[in-house]
Every structure is written in C-alpha cells, then in structure tokens.
Amino acid sequence: MKTLLFIAFASLVCAQSSDLARKRPGVSTRWATFENRKAGKGAGGAENKGAKGRPFEAIAPGETKTLLDIEGSGEIRRMWFTIQQRDPEMLRSLLLEMYWDGAKTPAVAVPVGDFFGAILGRAVRFENELFSNPEGRSFNLYIPMPFRRGARVTLRNESTRPLPYLFYDIDFLLTPEPDPDALYFHAIWRRSRWNKPGEDFEFLPKVSGAGRFLGAHFGVITHPDNTGWWGEGEVKIWVDGDSGLPTIVGTGTEDYIGTGWGQGVYANRFQGCLVADEKAGQYTFYRYHVPDPVYFDKDLRATIQVMGGDRKDRVIAMLDKGVPVTPVTIDVGGKLVHLLESGVDLRQHQSPPESWVNVYRRDDWSAVALFYLDAPENGLPAVAPAAVRTEGLK
C-alpha cells in the first residue's frame, strides 16, 4: 500500500512539474492595472517617466470603474485587490461585475467582500484552493475564467462614501484561438433576512444549461430570539429535471463543510469556517466541489434548510414565548422521532427534558454561489441593491 501511494504521489508531482515546465504555443501573458489599464503590449507604466505614476485610483459614490475590457480569446488566471476602507458596509457596497463575449448581462455580479472571502464584510486572514487574504488587507482569486471573444470587468461604488484608494491587477492569458470545451465562470449573491420557519434558503436559483456547480460562500446572522445551535440545515441540490425531491442531499450544515458537532474557525483547501462569532451571532464558511465535482447537463438548483436545534426544555420555552420555531425531530436515546410526520405535540412527548430537538427557525442567510455554465449569460435575477445587501451588518 505504501508503495502504491508513493507511486501515485510521484506521478502527481511529475505531472505538475511537467505543466510548469511547458510553454503553451502562441499564448501570451497580460496584466491589467491602473498603470496599464488596457493591458497593451509595451504600454505599461507610461506616466511619471516610468516611475510609480498611477498605482491606484479613487472611486466616487455611484461611479463605475472599468478594470478590464479586451477583445479576443483568453483566460483570466488571477485577480488581486486591496482597498483602505474594509468595513462591512463598504465591502458589501462595492459591486464587482464580469461580462464575457460582449454579453448584455453580467455572468458575475457580487459584493467584493463576500466574493473574495470577506463574508458578511469581515476580512480575516486565510488561504484556500481558490481565494486568499494573506494578512486581512487584500483579496486574491485563482479561478480560471475562460472567454472566447472578449472580457469586461467593472467595479461600482454603490456606497454613499468615496473610496480614495483602489489598487488592483487582473492577470490573464491571450490565446490564439478559444478552447471549444471551456465553460464560462458565473457567480451570484443572494440573501434571505429573517425567513419564515420552514422556508429554505435558495442560494442558487434554477439555472438552465450544462455546467458545473463549483461551490459557495455562506454568511449567517442568527436571530436574537433563538436559543441553541443554528446549523442543522441540509444542503439540497436539484439536478437535471429533479422536481419534487432532489438527487443530492447532505446531512447538516457543518457536515457539508467537512466538520461535525458544531463548527469553529478553520481554513482548509476546499472547506472552512472563517468566522465563528457566537457573541455577535455571525458565522461565515465555504465549500468547493473541486475533488468531488457536481456536474449538470440541463439545469441545477441549490438550497439549504434554515434549521437549528436545542434541548427539549429550551425549545418549549421558545414556543411558550411565541418565538416562531417549528419542532422537526426529537432524538430519544439515538432514535429519531419525526414530529412533522407524527403530528405529536412536543410538550406532550414523553421524553427527557435534555433530549435534542431540531427546529425550523428564522435566521439571516446570504451566499455567493460559484458555478460554470456553457453560456456567457445565466438568466438569473439581478443582484439586490446596496441597501438590501448592507442592512443589519455590524
């Protein structure tokens, strides 16, 4: 077994080394920055006699900056941003949009913070397979984003304050011809604030076409009336014509991001929890389907249940106070009793007061869903305005 593992590891290392040592014929490298906004060949650093002439620009309230606008085929390989004002309101108010191949609607329309891992506007140090923030002051992305005929990237300041300092670079490749098998990258942001109990959070509405669901960034603000644990909800994914019931179903929120029995702070390659602030009632986490791809040929839709749990006596106390929770199951000695199917009143159930009860509840959920699609437009609803995105942030 050890020999087989060594051979597999050696093969992987050799493959990676081979890729690093190979030059793709006809492919050229470009960087778009304020020092060379059009990423022109031999056109960088034109101001101040080639010294540091325009490393940053300001963005006024309501202003949109075009960061990249090129024609031809290629692939974005990296993005980097840093700004001086990194408070939750600003990070939720800056709207990043990306357009492929001259499309009229953006494939990517997301708040900068949530997209780059500063979920709920909380910028913390982390690194994973696709994003990083080395010291809590910058935003990096390493997701391949192919295009066939052109790419345009914009940033709009939808806050009421000027943003004095924006630094960025977008690193991409220009190719002699497009890859006919490449998919287009898409990302959308959604929020559901204080849902009705039993109403799941739809973080990716039904998208039509063929593609790959890449993963999501989640943010949760717990409702102050609730007690106990908030993360019992299961992720559900409807694939290729699923109607009543989905094909893919998880077992719980922390289970979906690879941990169990609650979740603390950690950052792994494909899954992590970046904020677990019980006092503030804020949690942020992510999951990427890189080694376990989720493909679809016709359509895909994804939700997560807004469900938590607490001891039986505490759930009854919430019910007596009029807190809108709906008991779902009760665990009695390892046997799960289905309260919704049985219709049994929790108050009348013969079980110890410390028995664990799962409940539908109200919380504030937001998410950025990441996916690839075989078309440059996705037909999904437009991103919510800044006032909706920033409501209730601390």
Side-chain angles (χ1 to χ4, degrees), residues 56 58-59 61-65 67 78-98 106 108-128 130-143 153-170 185-193 201 203 214-221 265 267 272-277 280-288 364-370 382-394:
F56 65 85
I59 309 182
E63 183 182 4
T64 299
K65 291 281 186 184
L67 308 180
R78 175 183 180 267
M79 290 186 180
W80 165 82
F81 291 86
T82 188
I83 57 177
Q84 191 175 45
Q85 294 164 285
R86 297 182 298 276
D87 57 274
E89 180 184 8
M90 182 59 75
L91 290 175
R92 270 275 172 93
S93 297
L94 291 173
L95 182 66
L96 180 68
E97 294 185 316
M98 304 182 200
V108 175
V110 288
V112 162
D114 296 77
F115 180 60
F116 281 95
I119 308 164
L120 297 179
R122 298 184 62 161
V124 299
R125 300 178 182 182
F126 78 96
E127 180 180 16
N128 61 39
L130 304 179
F131 296 87
S132 72
N133 189 336
E135 297 185 80
R137 301 190 298 269
S138 63
F139 309 101
N140 296 271
L141 169 151
Y142 298 94
I143 297 177
V153 178
T154 65
L155 186 69
R156 182 162 64 252
N157 181 1
E158 296 188 341
S159 77
T160 58
R161 294 177 288 154
L163 184 71
Y165 298 98
L166 167 67
F167 298 77
Y168 85 98
D169 65 64
I170 299 176
F185 177 72
H186 293 252
I188 66 163
W189 181 88
R190 304 270 289 171
R191 185 182 191 183
S192 174
R193 182 162 170 81
F201 172 50
F203 60 91
L214 187 58
H217 298 169
F218 295 94
V220 175
I221 302 174
V265 173
C273 176
L274 301 179
V275 172
D277 188 340
Q282 294 190 358
Y283 297 81
T284 74
F285 48 100
Y286 61 89
R287 166 72 186 277
Y288 307 136
D364 181 337
W365 278 76
S366 57
V368 170
L370 314 169
V383 67
V388 174
R389 303 199 301 265
T390 58
E391 182 184 358
L393 290 184
K394 299 177 182 178

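Note that the structure is a prediction, hence the values are computed from the model and not measured. The analysis underlying the following values was restricted to heavy atoms, covering all of them including side chains, and did not include hydrogens, waters or symmetry mates. We count residues from 1, following the sequence as given.
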Asks: Are the side chains of W365 and V220 in touch, meaning some heavy atoms are under 4.5 Å apart?
Replies: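 Touching, per the 4.5 Å side-chain cut-off.
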Asks: Quick one: salt bridge (Lys or Arg N to Asp or Glu O under 4.0 Å) partners of E127, sequence neighbours excluded?
Replies: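 E127 satisfies salt bridge (Lys or Arg N to Asp or Glu O under 4.0 Å) with no residue once adjacent residues are dropped.
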Asks: Does the side chain of L94 come within less than 4.5 Å of I83's, by heavy atoms?
Replies: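 They are in side-chain contact.
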Asks: Taking all non-hydrogen atoms of both residues into account, name the closest pair between A369 and F203 and its distance.
Replies: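 Closest approach of A369 to F203: CB-O, 3.6 Å.
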Asks: For L274, give me all partners under side-chain contact (heavy atoms from CB on, under 4.5 Å), at least two apart in sequence or on another chain.
Replies: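 side-chain contact (heavy atoms from CB on, under 4.5 Å) check on L274 returns V124, F126, A267, T284, Y286.
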Asks: Do the non-hydrogen side-chain atoms of V110 and V383 ever get within less than 4.5 Å of each other?
Replies: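 Not touching, per the 4.5 Å side-chain cut-off.
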Asks: How would you list, by chain and number, every residue that makes a salt bridge (Lys or Arg N to Asp or Glu O under 4.0 Å) with E158, sequence neighbours excluded?
Replies: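 Counting only residues at least two positions away or on another chain, E158 forms a salt bridge (Lys or Arg N to Asp or Glu O under 4.0 Å) with R156, R389.
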Asks: Sequence neighbours left out, what passes salt bridge (Lys or Arg N to Asp or Glu O under 4.0 Å) with D169? Give chain and number order.
Replies: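 Applying salt bridge (Lys or Arg N to Asp or Glu O under 4.0 Å) to D169 gives R78.
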Asks: Assess the pair F139 and F81: is the distance between their ring centroids shorter than 6.0 Å?
Replies: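 No: the rings miss the under 6.0 Å criterion.
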Asks: Of all heavy-atom pairs between F56 and P164, which one has the smallest distance, and what is that distance?
Replies: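 Closest pair (atom of F56, atom of P164, distance): CD1-O, 4.0 Å.
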Asks: What verdict does the side-chain contact (heavy atoms from CB on, under 4.5 Å) test give for L130 and Y142, after you've listed the backbone C-alpha separation in whole Å, the side-chain angles of each residue and the deciding distance to 0.1 Å?
Replies: CA-CA 5 Å; L130 304 179; Y142 298 94; 5.8 Å; no
Asks: Of all residues at least two apart in sequence or in a different chain, which pass the side chain to side chain donor-acceptor pair (under 3.5 Å) check with S192?
Replies: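 Partners of S192 under the side chain to side chain donor-acceptor pair (under 3.5 Å) test: none.
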Asks: Using every non-hydrogen atom in the two residues, find where A386 and S93 come nearest and quote the distance to one decimal.
Replies: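 Of all heavy-atom pairs spanning A386 and S93, the closest is CB-OG, 4.2 Å.
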Asks: Once side-chain contact (heavy atoms from CB on, under 4.5 Å) is applied, do any residues pair with T82, and if so which ones, sequence neighbours excluded?
Replies: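 T82 satisfies side-chain contact (heavy atoms from CB on, under 4.5 Å) with W80, S138, F167 only.
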Asks: List the residues meeting salt bridge (Lys or Arg N to Asp or Glu O under 4.0 Å) with R137, not counting sequence neighbours, and say none if there are none.
Replies: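 Residues passing salt bridge (Lys or Arg N to Asp or Glu O under 4.0 Å) with R137: E135.
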Asks: Atom CG of L163 and atom CD1 of I59: how far apart are they, to the nearest 0.5 Å?
Replies: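 CD1 of I59 is found 5.5 Å from CG of L163.
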Asks: Taking all heavy atoms of A384 and all of W189, pick out the closest pair and write down the distance.
Replies: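 Looking at all heavy atoms of both residues, the closest pair is CB-CZ3, 4.0 Å.
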Asks: When you compare the side chain of L67 with that of M79, does any pair of heavy atoms fall below 4.5 Å?
Replies: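 Not in contact.
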Asks: Does a side-chain N-to-carboxylate-O contact under 4.0 Å join R161 and E89?
Replies: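 Counted as a salt bridge, because a side-chain N and a carboxylate O are separated by less than 4.0 Å.
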Asks: Could you give me the CA-CA distance, side-chain angles and deciding distance for V275 and I119, then say whether side-chain contact (heavy atoms from CB on, under 4.5 Å) is met?
Replies: CA-CA 9 Å; V275 172; I119 308 164; over 6 Å; no
Asks: Using the side-chain contact (heavy atoms from CB on, under 4.5 Å) criterion, which residues pair with A58? Sequence neighbours excluded.
Replies: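 For A58 there are no side-chain contact (heavy atoms from CB on, under 4.5 Å) partners, ignoring immediate neighbours.
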Asks: Of the non-hydrogen atoms in Q85 and M90, which two are nearest, and what is the gap between them?
Replies: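 Shortest heavy-atom contact: O-CG, 3.5 Å.
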Asks: Apply the test side-chain contact (heavy atoms from CB on, under 4.5 Å) to residues S366 and R92: give CA-CA distance (whole Å), side-chain angles for both, the deciding distance (0.1 Å), then the verdict.
Replies: CA-CA 11 Å; S366 57; R92 270 275 172 93; 3.0 Å; yes
Asks: Between I221 and Q282, is any pair of side-chain heavy atoms under 4.5 Å apart?
Replies: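 I221 reaches Q282 side chain to side chain.
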Asks: Does Y168 have any side chain to side chain donor-acceptor pair (under 3.5 Å) partners at least two apart in sequence or in another chain, and if so, which?
Replies: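 Per chain and number, Y168 pairs via side chain to side chain donor-acceptor pair (under 3.5 Å) with no residue.
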Asks: Show the numbers, then the answer: is there a side-chain contact (heavy atoms from CB on, under 4.5 Å) between Y283 and L120?
Replies: CA-CA 8 Å; Y283 297 81; L120 297 179; over 6 Å; no
Asks: Holding to ring pair (Phe, Tyr, Trp, His ring centres under 6.0 Å), I want the full list of residues that pass it with H217, two or more places apart in sequence or in another chain.
Replies: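 Expected list: F131, Y288.
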Asks: Going by the rule ring pair (Phe, Tyr, Trp, His ring centres under 6.0 Å), which residues pair with F185 if we only count those two or more places apart in sequence or in a different chain?
Replies: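 Partners of F185 by the ring pair (Phe, Tyr, Trp, His ring centres under 6.0 Å) criterion, ordered by chain and then number, come out as Y372.
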Asks: Hey, are D277 and K394 close enough for a salt bridge, meaning a charged N less than 4.0 Å from a carboxylate O?
Replies: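 Looking at D277 and K394, the cut-off is not met.
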Asks: Among residues at least two apart in sequence or on other chains, which ones pass side-chain contact (heavy atoms from CB on, under 4.5 Å) with P385?
Replies: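 For P385, the residues satisfying side-chain contact (heavy atoms from CB on, under 4.5 Å) (neighbours in sequence not counted) are V388.
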Asks: Drop me the distance from L96's CG to D114's CG, to the nearest 0.5 angstrom.
Replies: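 Those atoms lie 12.0 Å apart.
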Asks: Could you state the interatomic distance from OG (S159) to CG (L95), rounded to the nearest 0.5 Å?
Replies: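 Those atoms lie 12.0 Å apart.
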Asks: Please name the pair of heavy atoms, one in A367 and one in F218, separated by the smallest distance, quoted to 0.1 Å.
Replies: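 Between these two residues, the closest heavy atoms are CB-CD2, 3.8 Å.
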Asks: Could you check L155, N157, T154 and say which one makes a side chain to side chain contact (heavy atoms under 4.5 Å, CB included) with T64?
Replies: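 Result: among L155, N157, T154, T154 is the only option passing the side chain to side chain contact (heavy atoms under 4.5 Å, CB included) with T64.
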